[in-house]
Amino acid sequence: MYSLLRNCLFRLDPEIAHELSLDWLSAAERLRLLPLFAPKIPANPVEVMGLTFANPVGLAAGLDKNGDHFNALGALGFGFIEIGTVTPLPQAGNPLPRLFRLPEQQAIINRMGFNNKGMHHLLAQVQSARRYQGVLGINIGKNKQTPDDLALQDYLLGLRAVYAHAHYITINISSPNTPGLRNLQFGETLRQLLAGVKAEQQALAAQLGLYVPIAVKIAPDMTDEELTETAQTVLDSGLDAIIATNTTISREGVEGLKHGDEMGGLSGAPVRAKSTHAIGILAGHLRGRLPIIGVGGILTGEDASEKIRAGASLVQIYSGFLYRGPTLIEEAARAIALAASEPPAGG
Ligand SMILES: Cc1cc2nc3c(=O)[nH]c(=O)nc-3n(C[C@H](O)[C@H](O)[C@H](O)COP(=O)(O)O)c2cc1C
């Protein structure tokens with residue numbers, strides 16, 4: 001059924017299709033229709049960052065930037081939902097067009113540029129009529145006009161605003177569509193940013209008597225040495241997880257395709273191997289000392305279990321969800337559960 005719907009949606013402008021399908025989904029959820037269509041996800045609870053996830057397959061950030069649709073998305077059976085990226089102030093994002101489908105490669109290029117209605121709106125959504133009972137992550141970023149050397153201020157504003165309303169918070173320093181953002185991922189700049197974030201987390205935890213874990217989301221476009229260094233910096237900071245990865249600026253796999261040379265971040269099948277490689281390098285260095293949430297190019301159940309085998313404890317999907325629909329949630333959850341029940345190779 002989803003492939004029929006997708007054929008219709010894919011005839012529309014990608015951003016219009018995106019808005020329409022989420023509006024329909026939310027309407028169906030309010031009418032309590034979703035249980036009739038939602039896939040049957042096997043219960044496979046996992047403990048990560050001190051939280052219990054109903055299953056290890058989550059929705060990645062960026063699909064529901066404003067928290068307008070998390071009740072509906074949650075009703076589809078995801079083990080967790082990450083909303084955002086939200087910035088302190090509302091911002092329009094980049095000029096249209098800024099979202100491109102590359103169906104030959106089950107890929108997407110986007111240069112949305114953190115278009116969002118701001119923290120105030122997202123908080124109102126999260127606080128009112130919350131029916132989704134699963135794990136809710138809130139992904140925070142910086143406004144475009146905030147100078148790079150004041151980035152920490154935006155993250156602190158975000159943290160203070162969402163802290164009491166999220167099960168976990170993601171610090172997004174890896175979108176390619178906010179100039180300068182990805183420079184925050186390296187060296188002393190990263191160390192200082194994460195130290196500021198950690199200090200605020202500790203202050204809020206003491207003030208509210210509530211520890212909310214914080215994950216750091218990184219890009220796939222790093223050398224193995226950079227990945228190892230970043231892993232060590234996040235570990236040293238005392239923060240709680242790494243999300244790997246965001247979209248790539250590489251165009252490997254889409255050269256010569258229609259829209260293949262658009263500016264922005266590439267996601268979907270072409271980022272799969274890069275993202276899994278990054279997870280493997282991070283896991284090799286971290287050796288279980290910090291959990292990894294694996295994301296990038298999951299289009300099948302096998303792609304999801306590949307991320308777990310590489311060292312991820314949880315996975316997230318975005319592009320695959322647009323191409324495959326809710327059935328991918330079930331497929332990924334089943335593949336991961338099956339892989340966990342199988343004896344290790346050679347054992
Ligand atoms: C249209 C679009 C918008 C996105 N927006 C965000 C965002 O706001 N914040 C974020 O952390 N990641 C964002 N992402 C990245 C995804 O969360 C994910 O990390 C990336 O797409 C790789 O996963 P995928 O191959 O399953 O799509 C976006 C991705 C797409 C395709």
Side-chain angles (χ1 to χ4, degrees), residues 14-15 17-19 21-22 57-67 73 78 80-87 91 93-94 96-102 105-117 122 137-144 155 158 168-178 181-182 184-185 215-221 242-250 253-254 259 262 264-276 278-279 292-300 303-304 306-307 312 314-324 328-329 332:
E15 229 175 295
H18 181 100
E19 292 305 325
S21 43
L22 286 176
V57 183
L59 176 71
L63 192 90
D64 184 14
K65 289 180 189 283
N66 299 306
L73 290 160
F78 282 110
F80 59 114
I81 303 283
E82 189 169 313
I83 59 176
T85 297
V86 65
T87 53
Q91 61 179 32
N94 287 321
L96 300 168
R98 54 192 181 180
L99 180 60
F100 306 89
R101 299 184 198 104
L102 293 84
Q105 279 289 7
Q106 297 194 294
I108 292 173
I109 292 178
N110 92 83
R111 52 168 178 269
M112 306 299 285
F114 289 170
N115 57 309
N116 77 102
K117 298 178 189 167
L122 178 132
I138 303 184
N139 179 311
I140 60 176
K142 78 177 241 326
N143 277 111
K144 186 179 176 184
Y155 288 102
Y168 74 92
I169 296 166
T170 301
I171 304 292
N172 181 7
I173 49 173
S174 48
S175 166
N177 302 314
T178 296
L181 192 81
R182 288 156 58 117
L184 300 174
Q185 296 179 110
V216 180
K217 185 164 178 179
I218 65 166
D221 306 306
I242 300 185
I243 303 187
T245 66
N246 213 311
T247 56
T248 177
I249 52 170
S250 152
V254 300
H259 301 311
E262 289 291 348
L266 171 66
S267 59
V271 78
R272 180 184 61 78
K274 233 178 191 314
S275 148
T276 304
I279 293 164
I292 300 166
I293 302 176
V295 51
I298 297 177
L299 270 298
T300 66
D303 299 342
E306 175 190 86
K307 296 276 191 271
L314 300 164
V315 300
Q316 292 179 319
I317 55 179
Y318 187 138
S319 305
F321 181 61
L322 302 195
Y323 280 102
R324 301 279 324 281
L328 178 60
I329 312 168

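Just so you know, ligand 1 is whichever comes first in the structure, and atom 1 is the first atom listed for that ligand. FYI, side chains are in, hydrogens and waters are out, and symmetry mates aren't considered; it's all heavy atoms of this structure. This structure is a prediction, so every number in the text was calculated from the model and none was measured.
Distances shorter than 4.0 angstrom occur between a heavy atom of T245 and an atom of ligand 1.
Only the side chain of K217 comes within contact range of ligand 1, with a heavy atom under 4.0 Å; no backbone atom does. Contacts of V271 with ligand 1, taken as heavy-atom pairs under 4.0 Å, involve the side chain alone. Counting heavy atoms closer than 4.0 Å to ligand 1, residue N246 contributes atoms from both its backbone and its side chain. If you look at K65 next to ligand 1, the close heavy atoms, those under 4.0 Å, all belong to the side chain.
Under a 3.5 Å cut-off, the side chain of Q106 and the backbone N or O of R324 do not form any donor-acceptor pair. The closest donor-acceptor contact from the side chain of S174 to the backbone of K217 lies under 3.5 Å. Side-chain atoms of N177 never come within 3.5 Å of backbone atoms of S175 as a donor-acceptor pair (strictly under, hydrogens ignored). Side-chain atoms of N139 never come within 3.5 Å of backbone atoms of G62 as a donor-acceptor pair (strictly under, hydrogens ignored). With Y318 contributing its side chain and G296 its backbone, the two residues share no donor-acceptor pair below 3.5 Å.
Side chains of V271 and L266 form no contact here, defined as non-hydrogen atoms less than 4.5 Å apart. Between L22 and L63 there is a side-chain heavy-atom pair separated by less than 4.5 Å. Side-chain contact between K142 and F114: absent, with no pair of heavy atoms (C-beta onward) separated by less than 4.5 Å. When side chains are defined from C-beta on, N115 counts as touching R98, because their heavy atoms get closer than 4.5 Å.
Counting only heavy atoms of the protein, atom 9 (N) of ligand 1 lies nearest to T85 OG1, 2.7 Å. Of the protein's non-hydrogen atoms, A61 O, 3.4 Å is the one closest to atom 14 (N) of ligand 1. Counting only heavy atoms of the protein, atom 20 (C) of ligand 1 lies nearest to T247 CG2, 3.9 Å. Scanning the protein heavy atoms around atom 21 (O) of ligand 1, the nearest turns out to be S267 CB, 3.2 Å.
Of all atoms in ligand 1, numbered sequentially from 1 with element shown, those under 4.0 Å from a heavy atom of S319 are 24 (P), 25 (O), 26 (O), 27 (O). Distances below 4.0 Å separate heavy atoms of G62 from the following atoms of ligand 1: 4 (C), 5 (N), 6 (C), 7 (C), 8 (O). Interface atoms of ligand 1 facing G297, defined by a heavy-atom separation under 4.0 Å, are 24 (P), 25 (O), 26 (O). When each atom of ligand 1 is checked for a heavy atom of N139 under 4.0 Å away, the hits are 10 (C), 11 (O). Contact atoms of ligand 1 toward L99: 1 (C) (distance under 4.0 Å to a heavy atom of the residue). Each of the atoms 22 (C), 23 (O), 25 (O) of ligand 1 lies under 4.0 Å from some heavy atom of G296.
Closest heavy-atom approach to atom 29 (C) of ligand 1 among the candidates F321, Y318, F114: Y318. Residue nearest to atom 30 (C) of ligand 1, selected from N110, N172, I108: N110 (by heavy-atom distance).
For the atom pair OG1 (T170) and CD (Q316), the distance works out to 7.0 Å, reported to the nearest 0.5 Å.
Here the closest heavy-atom approach between residue L328 and residue F321 is recorded as CD2-N, 3.9 Å.
For M112, no nitrogen or oxygen atom sits less than 3.5 Å from a nitrogen or oxygen atom of ligand 1, counting backbone and side chain alike.
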